[in-house]
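None of these values were measured; they are calculated from a predicted model. We use all heavy atoms of the structure for the numbers below, so side chains are in, but hydrogens, waters and symmetry mates are not. Order of appearance sets the numbers: ligands from 1, and atoms from 1 within every ligand.
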Amino acid sequence: MAESYDILVAGGSVAGLAFASEAAKRGASVLVAEEHDEIGEPEKCDGLVSLRGLVRYGYPPARDVIQNKISSAVIHSPSGRRFAVNATALDVVVLDRSAYDKQVASEAVSNGAEVRTGSRVASAAVGKDGVQAEVGAREVKAKYLVDATGPASSPRRGILPAAKYELEGSWVREHVVEVFLDSTKYPGFFCWVIPYGKERAKVGAAGYGVNPFKALDAFLEGRDCRVLRKVSAPIYVGGPAPRFVESRRILVGESAGQVKPTTAGGIMTSVAGAVIAARWTCESLRRGDPALLGGYQREWERAFLKEMKTMVRLRGVLEKLSNQDLEAVFSAVATPKLITKLSQSDFDFHGSALLGSLGVPGLLRVAKVVASAEVRSLLIEG
Ligand SMILES: Cc1cc2nc3c(=O)[nH]c(=O)nc-3n(C[C@H](O)[C@H](O)[C@H](O)COP(=O)(O)OP(=O)(O)OC[C@H]3O[C@@H](n4cnc5c(N)ncnc54)[C@H](O)[C@@H]3O)c2cc1C
């Protein structure tokens, strides 16, 4: 006989678990099915996130889940020039992502949700009256299916090959995030160093058509280090999905493309999506009206769509800049005024912060120095 729940959540990572926690708190019966045997494993994410965003949506990390606090970000040009942004006011931290997922899972269970590991949602038939799914060896019926399966269901467009190493190295600066731009080595993206302790960092690379392991090995040549763990995991930079809700199937987190197209950071935007979706789903359950689910996408878009569009536009620019362009842009934007403005901005809305800090004169300055006419029009008309 089939088990019965109000909501079946496929995927027990940050979005699925935050959804379950929030929905269970509001009285819904919720089953989370996670295909892996342990919540948070295998860990792929680097855990760089703004505390402010997680606090805003009600899921701040416990103190022992925070591995590090970031004091500045240094951006390197292809030729080795760099500028640093003071990040102390931005509240940026590095999470032990596996531990954070376990924390949210335990909150979900305390609120009354059931979290089942080693349980894959193998198939789900979603009809206008409900959902019938195969979860592990069991049959589950639910009023709604929440798809929180991550990149597996993201649109294929916008997926970049990426890899990261966790390593020990004496050159790691304990509280400084570093970003290395180079359109030949990391086309359309960059290489990053995120410190998570003394002389410890998560170092990653991504780019169109690259072998990210080779790119990382080349980056680490001449940098003395001991690699502790290697992970291959694609990142998603394609922007939000056009529709978050199809009948009784609700997409949250990376499944809905709720990820920043500039950096592929998705923890905060996915938690936000999950919390907003859970509120609307519970309201829809309470009133027996699936049409109310439309409120979820409207509310998420009110909070994030403008910023996502700005980030998509910036990504379009970054993807087309040659190394020569990057050097010229560096000279044009790395002014003390811009760096000060960025240090007082919002980490989660960095696209608008960058454009706002540049202003029209700054954008025109940048447009003047780039060689590509296509990029100039993206900057000026976008
Ligand atoms: C290398 C890398 C580094 C990153 N670094 C950062 C960072 O520093 N900061 C940041 O904000 N974001 C970062 N991200 C992005 C962030 O990890 C994701 O945006 C976030 O985890 C999305 O959460 P999610 O719950 O939507 O999906 P996911 O975390 O992808 O989880 C999906 C879950 O669904 C499960 N699943 C899939 N299919 C099924 C099924 N059929 N049945 C049951 N379970 C299923 C999976 O096992 C998984 O647990 C990074 C991503 C990568 C790949």
Is the shortest heavy-atom distance from the side chain of Ile66 to the side chain of Leu51 under 4.5 Å?
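Yes, side chains in contact.
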What I'd like to find out is whether the side chain of Ile70 reaches to under 4.5 Å of the side chain of Val94, using heavy atoms alone.
yes
Atoms of ligand 1 less than 4.0 Å from [X] heavy atoms?
X	answer
Arg97	16 (C), 17 (O), 20 (C), 21 (O), 29 (O)
Gly253	26 (O)
Glu254	18 (C), 19 (O), 20 (C), 22 (C), 26 (O)
Ala233	53 (C)
Leu48	7 (C), 8 (O), 9 (N), 10 (C), 11 (O)

Heteroatom distance test ([X], ligand 1): nitrogen or oxygen, under 3.5 angstrom:
X	result
Ile267	yes
Ala15	yes
Trp192	no
Val121	yes
Val49	no
Ser255	no

Taking all atoms of both residues into account, what is the closest heavy-atom pair of Ala274 and Ala18, and its distance?
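Taking every non-hydrogen atom into account, CB-CB, 3.9 Å.
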Indicate the ring-plane relationship of Tyr296 and Phe244, choosing parallel, tilted or perpendicular according to the 30° and 60° boundaries.
tilted
Sole candidate of Asp289, Asp6, Asp129 that passes salt bridge (charged side-chain N to carboxylate O under 4.0 Å, His left out) when paired with Lys143
Asp6
Could a heavy atom of [X] be found less than 4.0 Å from some atom of ligand 1?
X	answer
Lys164	no
Gln258	no
Ala163	no
Ser119	yes
Gly204	no
Gly47	yes

Ring-face cation contact, Phe180 with Arg223, 6.0 Å cut, 45° max
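Arg223 over Phe180 ring: yes.
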Same hydrophobic cluster for Leu314 and Trp192, using side-chain heavy-atom links shorter than 4.5 Å among ILVMFWY?
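Cluster IDs for Leu314 and Trp192 match.
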Hphob cluster co-occupancy, Phe304 + Val259, side-chain heavy atoms under 4.5 angstrom:
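Looking at the clustering, Val259 is in a separate group from Phe304.
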State, without any angle test, whether His76 and Glu178 hold a side-chain donor-acceptor pair at a distance under 3.5 Å.
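Yes, Glu178 and His76 have a side-chain donor paired with an acceptor closer than 3.5 Å.
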Below 4.0 Å, non-hydrogen atoms only: which portion of Ala162 touches ligand 1? Side chain, backbone, both or neither.
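No part of Ala162 comes within reach of ligand 1.
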Are Glu299 and Arg302 close enough for a salt bridge, meaning some N to O gap below 4.0 Å?
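Between Arg302 and Glu299 there is no salt bridge, as every charged N stays at least 4.0 Å from the carboxylate O atoms.
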Which residue in the set Val14, Ile7, Val275, Ile276 passes side-chain contact (heavy atoms from CB on, under 4.5 Å) when paired with Phe19?
Ile7
